[in-house]
Each structure stands twice: as C-alpha cells, then as structure tokens.
Visitor: 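Before we start, here is the structure in question, set down as structure tokens.
Note that these values count all heavy atoms, side chains included, but never hydrogens, waters or copies made by symmetry.
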Amino acid sequence: MAENTRDAYRTVLRMTGVPLPVVSFLGRLPVAMIQFGSVLLVTETSGSLATGGIVACALALGQVALGPFVGRLADRRGQRSVVLAFSLVNAVAIAAYTLGALAGLPTPALLALGALAGATVPGIGPLARARVVPLVRAKGGDDRLAGTVLSLESTMDELSFVLGPALVGLASVAGHPAYAFGLASLLVAVCGTAFALHPTGRTPKAVPEHPARARGGRPRLPRSVYVVRVGLLFLGVLLGACGAGITALTDELGRPGQAGLVYAAMGVMSAVVGLSMAALPERFGLIARWRVATAAAALLSLPLVWTDSLIGLYAVVTLFGAIYAPNLITGFALTERAVPPRRLAEGMTFAASAFVGGQAVTLAVAGRLAESHGAGAAFALGSAAAAVAFVIALIARHDPHRPDPHRPDPHCPDRSHRPHEAYRTTAATVTVTPDAAAPQGSGPPA
C-alpha cells in the first residue's frame with residue numbers, strides 16, 4: 001500500500017513537474033504569514049490587542065469576499081493573466097499595509113489597508129487545485145490520482161500554515177513582525193509571477209457560451225456543492241474556535257509563547273495524515289469519508305473542553321490535528337466532482353473562502369467568549385460546530401437534478417462524463433492545451 005502511494009505521488013510529479021508544486025507552495029506561504037502576523041504587527045505598532053484582532057479579521061474577510069471573484073475571473077480569462085495581476089497588486093498591498101501599521105495610521109485606515117491586502121490575495125492554493133486536477137485527468141488519471149493531487153495540495157496548505165507563523169515568530173524575535181511582511185510581499189511577487197507564467201498556466205479561456213446557455217447564464221451548480229460549502233464553513237468555525245481556545249489556554253497557563261508551537265504540532269500531524277490519504281481504497285467513497293472525518297472531528301475536539309495543562313494540550317491538539325486535512329481534502333474532492341468544468345476555479349476558491357470565512361469570524365467571537373468564560377467555552381463552541389458539520393454530512397444526498405452522467409452536455413462539447421460510485425455526481429475532464437498537458441522538465445512542449 002505504501003509503495004502504491006509513493007508511486008501515485010511520483011506519477012503526479014511526473015505530470016506536473018517539480019517546479020510547479022515548489023512555486024505553488026512558496027506562493028501561498030504569504031497568506032499564512034499575513035493572516036497569523038497581522039495580529040502581532042498591529043498589536044506591536046498600535047499597542048492594542050483588540051485593534052490587532054479587528055484588523056486581522058478585516059484582512060481575512062477581504063479574502064473571503066473577493067476570493068470567489070478571483071476564481072470566476074480565472075475561469076473566464078484563464079489563470080495566467082489573473083494570477084499575474086493579483087500577485088503584483090497583492091505585493092504592493094501588503095507593503096502598503098505594513099508601512100501603514102509602522103506609520104501608526106488610525107484604525108479605519110488600517111482596516112481599509114488590511115481588507116485590501118486580503119482582497120487582492122491571488123488564491124494560489126485553490127487555483128493550483130483547479131489547475132492540476134484537470135491536468136491529471138486530461139492525461140488519463142483516475143479518481144484515485146485526482147485524490148492524490150488533492151492530498152498533496154492540502155499537505156502544502158498545512159505546511160504553509162506551520163512555516164508561515166514560524167517565520168513571523170522568528171521575525172518578531174529578530175526585531176519586528178514587519179520583517180516577515182516584507183518577505184511575504186517579496187514572495188507573492190516572485191513566486192506568484194512564477195506560478196502564473198508556468199506552462200500549465202496557459203489554460204484555455206472558457207468555451208464561448210451556447211446561445212441558449214448564454215441566455216440562461218452560467219451553468220448551474222448542483223445543490224450538493226452548497227451543502228459541501230456549508231460543511232466547510234462549520235469546519236472553519238471549529239478551527240477558529242480551537243485557535244482562540246489554544247491562545248486563551250496558553251495565556252491562562254502563563255505560557256503565551258507556546259501557542260505557535262501548539263499550532264505547529266497540530267499542523268505537522270495534519271500534514272502527515274493528509275499525505276497518507278492517497279492510500280485510502282477507492283471503495284471508501286467520498287461521502288463515507290466525509291461522514292467519518294466530521295464524526296472524528298466532533299469526537300476528538302471534545303477532550304479539548306476539559307484540557308487544563310500544557311502537556312495535555314499538546315497531546316490532545318496533536319491527536320486532533322489528524323482530522324484537519326481529511327476534512328479539507330474530502331471537501332475539495334467533493335467540490336471538484338460536482339462543479340461544471342467551466343466553474344472549477346470559482347468552485348475551489350469559494351470552498352476555500354467558506355472555510356476561511358468561518359475561521360475568521362469565529363476567531364473574533366470565540367476570543368471574546370474565552371475572555372469571559374475561559375478557554376473551555378471556546379473549545380465547546382468548536383465541538384458544537386463539528387457536531388453540526390457531522391449532521392450535514394450525515395443527511396447529505398446526491399443532487400436529484402444532476403445531469404445524466406451517461407449523456408454528454410451539448411453546450412460543452414469538450415467535456416466527458418462518468419458516474420462516481422460514492423458521490424454520484426459528474427466527474428469531468430477538461431481539454432487543456434498541449435503546453436499545459438506536456439510534462440514539465442521532460443523537454444519542450446509537444
């Protein structure tokens with residue numbers, strides 16, 4: 001089984017080339033840095049933790065609000081021009097936000113700059129999923145290989161959210177959190193540009209609308225897509241509440257500096273489990289995985305409510321980290337199977353925004369809850385959210401109005417359909433250009 005999993009990852013890397021995941025990882029690292037570092041930066045420059053929390057929330061909400069628009073634009077215009085433009089604008093926005101904080105601008109100005117820094121995030125993580133999964137399918141990859149791609153992508157997300165806060169912490173120790181923001185601005189400009197200009201970014205624009213379809217608007221999404229988004233929203237609530245609880249408990253124990261290390265322990269465990277997800281057998285379908293993952297989240301979050309020591313927190317959080325990646329990987333896999341190919345980038349960015357939005361809003365709410373009633377109250381909120389996510393997964397059904405998987409879509413001639421035994425939605429392969437289809441590092445494009 002382990003050998004088969006390694007073979008699957010090697011196959012994916014042969015199809016994409018090694019440079020793509022490298023620039024993809026480095027290009028998404030600034031998001032983790034500015035999300036975690038915003039509280040530290042603004043608190044350091046303003047002297048107010050409350051101001052730091054509010055500005056960080058504005059940054060996250062800016063990303064949530066504009067993320068789906070970035071994905072929709074990428075579906076229509078192609079990823080290359082969209083990612084290139086947003087990467088460069090985001091680099092400038094991060095620099096302006098950092099300079100504004102250092103200059104001691106009033107809170108409304110910082111809120112605006114923070115929201116701008118979040119709104120211009122190029123969304124490299126979701127767009128990488130939307131780019132690589134169709135590429136693998138177009139080269140003959142099956143559902144298991146597509147799942148391997150999603151496992152690799154989620155693992156890179158996890159590692160970025162371990163390394164990002166660590167870099168901010170190192171910058172703070174070295175002198176000031178602003179150093180990390182300068183690095184984030186540089187990374188998104190250089191690596192975002194490299195991701196945009198990579199040959200796989202030369203994807204075709206959306207197929208011109210059929211007259212009848214144009215009058216009716218874009219292809220409609222099945223109801224199952226919205227159900228998954230709600231599930232990811234509650235997963236974000238769970239993680240946001242746990243983040244607030246971890247911060248509050250380490251502060252209560254007089255060890256506030258340990259919060260970042262606790263996050264890292266959770267992230268490392270999540271990354272390890274995420275990589276192993278590719279070994280799951282195909283007969284263990286996506287709906288079943290979703291139900292097991294959400295049930296595990298509800299159960300493993302309960303011990304956090306009664307944790308009252310640092311050693312206990314490390315132990316429980318490390319175990320709890322095992323459920324993070326499976327939930328995200330399954331949520332993105334369900335999204336990929338359900339959305340029409342012409343809306344794949346939008347679907348992926350919307351799924352990511354649902355998760356980030358739930359996390360961002362909950363951080364503010366759970367923080368106040370923890371201040372008033374202790375860390376256990378924040379953890380309890382997270383457990384309740386996980387229970388709701390499990391109920392959503394338990395009652396989820398396939399869309400009764402889904403297209404017949406055996407009948408091709410007359411308005412999308414390049415699309416092929418096949419049924420998926422677990423989710424019973426449409427799985428699609430999309431036509432890519434020869435440049436995008438050629439393995440990277442294996443010579444010039446065919």
Visitor: Using atom types as modelled and distance alone, determine if a side-chain donor or acceptor of Arg80 lies under 3.5 Å from a backbone N or O of Ala196.
Guide: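 Yes: the side chain of Arg80 pairs with the backbone of Ala196.
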Visitor: Give me each pair satisfying ring pair (Phe, Tyr, Trp, His ring centres under 6.0 Å) with a member in residues 58-77, each pair once, sequence neighbours excluded.
Guide: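 For residues 58-77, and leaving out neighbouring residues, there are no ring pair (Phe, Tyr, Trp, His ring centres under 6.0 Å) pairs at all.
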Visitor: Compile the donor-acceptor pairs under 3.5 Å between side chains in residues 181-188 and protein atoms, sequence neighbours left out, one pair per line.
Guide:
{"unit_1": "Ser185", "atom_1": "OG", "unit_2": "Ala91", "atom_2": "O", "d": "2.8"}

Visitor: Can you run down the side chain to side chain donor-acceptor pair (under 3.5 Å) pairs that involve residues 54-67, sequence neighbours left out, and say none if there aren't any?
Guide: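 For residues 54-67: Gln35-Gln63.
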Visitor: Does Ser87 have any side-chain hydrogen bond (donor to acceptor under 3.5 Å, both in side chains) partners at least two apart in sequence or in another chain, and if so, which?
Guide: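 Applying side-chain hydrogen bond (donor to acceptor under 3.5 Å, both in side chains) to Ser87 gives none.
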Visitor: My understanding is that only residues two or more places apart in sequence, or in another chain, count here; which of them pass ring-ring contact (aromatic ring centres under 6.0 Å, His included) with Phe355?
Guide: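 ring-ring contact (aromatic ring centres under 6.0 Å, His included) list for Phe355, sorted by chain: Tyr324.
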Visitor: Got a list of side-chain donor-acceptor pairs under 3.5 Å for residues 292-302, not counting sequence neighbours?
Guide:
{"unit_1": "Thr294", "atom_1": "OG1", "unit_2": "Trp290", "atom_2": "O", "d": "2.9"}
{"unit_1": "Thr294", "atom_1": "OG1", "unit_2": "Arg291", "atom_2": "O", "d": "3.1"}
{"unit_1": "Ser301", "atom_1": "OG", "unit_2": "Ala297", "atom_2": "O", "d": "2.9"}
{"unit_1": "Ser301", "atom_1": "OG", "unit_2": "Ala298", "atom_2": "O", "d": "3.1"}
{"unit_1": "Ser301", "atom_1": "OG", "unit_2": "Ser383", "atom_2": "OG", "d": "3.0"}

Visitor: Please list, chain by chain and in numerical order, all residues satisfying side-chain hydrogen bond (donor to acceptor under 3.5 Å, both in side chains) with Thr318, sequence neighbours excluded.
Guide: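 In terms of side-chain hydrogen bond (donor to acceptor under 3.5 Å, both in side chains), with neighbours along the sequence ignored, Thr318 is linked to no residue.
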Visitor: Any donor and acceptor pair, going by atom type alone, linking the side chain of Glu252 with main-chain N or O of Gly374 inside 3.5 Å?
Guide: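 Pair absent, no side-chain N/O of Glu252 close to backbone of Gly374.
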Visitor: Carefully, step by step, assess Leu235 and Leu232 under the rule side-chain contact (heavy atoms from CB on, under 4.5 Å).
Guide: CA-CA 5 Å; Leu235 178 64; Leu232 287 171; 4.2 Å; yes
Visitor: Donor-acceptor pairs under 3.5 Å, side chain of residues 17-32 to any protein atom, not counting sequence neighbours: which ones?
Guide:
{"unit_1": "Ser24", "atom_1": "OG", "unit_2": "Arg28", "atom_2": "NH2", "d": "2.3"}
{"unit_1": "Arg28", "atom_1": "NE", "unit_2": "Ser24", "atom_2": "O", "d": "3.1"}
{"unit_1": "Arg28", "atom_1": "NH1", "unit_2": "Glu153", "atom_2": "O", "d": "3.4"}
{"unit_1": "Arg28", "atom_1": "NH1", "unit_2": "Glu153", "atom_2": "OE1", "d": "3.2"}
{"unit_1": "Arg28", "atom_1": "NH1", "unit_2": "Asp157", "atom_2": "OD1", "d": "2.8"}
{"unit_1": "Arg28", "atom_1": "NH2", "unit_2": "Glu153", "atom_2": "OE1", "d": "2.6"}

Visitor: Under 3.5 Å, side chain of Thr45 to main-chain N/O of Val42, donor-acceptor pair present?
Guide: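 Checked: pair present.
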Visitor: Keeping to residues at least two apart or across chains, list the ring pair (Phe, Tyr, Trp, His ring centres under 6.0 Å) pairs with something in residues 369-391.
Guide: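 Found none.
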Visitor: Met266 and side chain to side chain contact (heavy atoms under 4.5 Å, CB included): which single residue from Val316, Ile323, Val317 fits?
Guide: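 The side chain to side chain contact (heavy atoms under 4.5 Å, CB included) with Met266 is passed solely by Val317 among Val316, Ile323, Val317.
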Visitor: Any side chain to side chain donor-acceptor pair (under 3.5 Å) involving residues 108-118? Give me the pairs, sequence neighbours left out, ordered by first then second residue.
Guide: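 Sorted result for residues 108-118: empty, none.
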Visitor: Which residue pairs pass the side chain to side chain donor-acceptor pair (under 3.5 Å) test with at least one member in residues 89-109, sequence neighbours excluded?
Guide: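 Every pair satisfying side chain to side chain donor-acceptor pair (under 3.5 Å) with a residue in residues 89-109: Ser38-Tyr97, Asn90-Thr120.
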Visitor: Checking Phe320 now: which residues fulfil ring-ring contact (aromatic ring centres under 6.0 Å, His included) with it, not counting sequence neighbours?
Guide: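 With sequence neighbours excluded, Phe320 shows a ring-ring contact (aromatic ring centres under 6.0 Å, His included) to no residue whatsoever.
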Visitor: Quick check with a 6.0 Å cut-off and a 45 degree axis cone: is Arg131 positioned over the face of Phe195's six-membered ring?
Guide: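 Output yes; distance and angle both within limits.
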